[in-house]
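The structure appears below as structure tokens.
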Amino acid sequence: MTTRTSTAVIVKATTLNHDGYERTTYYGPFLPHIGSATTSFVRTLEQELEESGRYKHWETSIESVFIASEESDCEIRATR
């Protein structure tokens with residue numbers, strides 16, 4: 001059995017729009033030792049969600065994940 005020693009963090013944002021549609025989006029991964037970059041990203045994201053006026057409610061969290069070949073807690077996909 002492999003010992004998991006490398007982790008990263010992702011930002012999870014769940015939004016509820018005014019029509020009642022709930023959506024969860026994951027951002028990252030971020031390196032866990034760069035905490036200020038992650039918390040700064042969360043503050044900016046929350047500010048953008050609030051200023052957009054599109055959402056009745058939103059919730060963000062920072063979650064630890066393990067990423068390694070064939071053993072990841074999540075799937076990494078390019079979005080660009």
Side-chain angles (χ1 to χ4, degrees):
M1 175 176 232
T2 304
T3 301
R4 293 180 167 197
T5 58
S6 297
T7 60
V9 295
I10 58 171
V11 174
K12 177 181 173 183
T14 302
T15 57
L16 179 66
N17 72 12
H18 296 287
D19 295 329
Y21 177 73
E22 185 175 282
R23 177 180 173 184
T24 300
T25 306
Y26 300 93
Y27 301 92
F30 299 90
L31 297 175
H33 63 278
I34 308 177
S36 63
T38 307
T39 54
S40 176
F41 175 81
V42 170
R43 279 194 304 272
T44 301
L45 176 61
E46 289 176 339
Q47 182 178 357
E48 289 177 3
L49 292 171
E50 182 175 2
E51 290 175 356
S52 76
R54 294 171 48 195
Y55 304 103
K56 183 179 354 181
H57 176 75
W58 62 87
E59 186 174 311
T60 59
S61 62
I62 299 172
E63 302 184 11
S64 294
V65 294
F66 178 79
I67 301 172
S69 179
E70 299 181 29
E71 295 184 29
S72 298
D73 291 330
C74 59
E75 177 183 353
I76 303 299
R77 282 190 241 156
T79 57
R80 294 183 194 201

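Just so you know, residue 1 is the first one in the sequence shown, and it goes up from there. Because the structure is predicted, anything quoted here is derived from the model rather than measured.
A distance of 11.0 Å separates CD in E48 from CZ in R54, rounded to the nearest 0.5 Å. Distance CD/E59 to OG1/T24: 9.5 Å, rounded to 0.5 Å. Rounded to the nearest 0.5 angstrom, F30 CZ and I10 CD1 are separated by 10.0 Å. A distance of 13.5 Å separates OH of Y55 from CD of E46, quoted to the nearest 0.5 Å. Note that the CD1 atom of I62 and the NZ atom of K12 stand 13.0 Å from one another [nearest 0.5 Å].
Heavy-atom contacts from other residues, nucleotides or ligands closer than 6.0 Å to CD of E63 number more than 12.
Between the side chain of N17 and the backbone N or O of D19 there is at least one donor-acceptor pair closer than 3.5 Å. With hydrogens and angles disregarded, no donor-acceptor distance shorter than 3.5 Å links the side chain of H57 to the backbone of T14.
Residues T15 and R23 are in side-chain contact: their nearest non-hydrogen atoms beyond the backbone lie under 4.5 Å apart.
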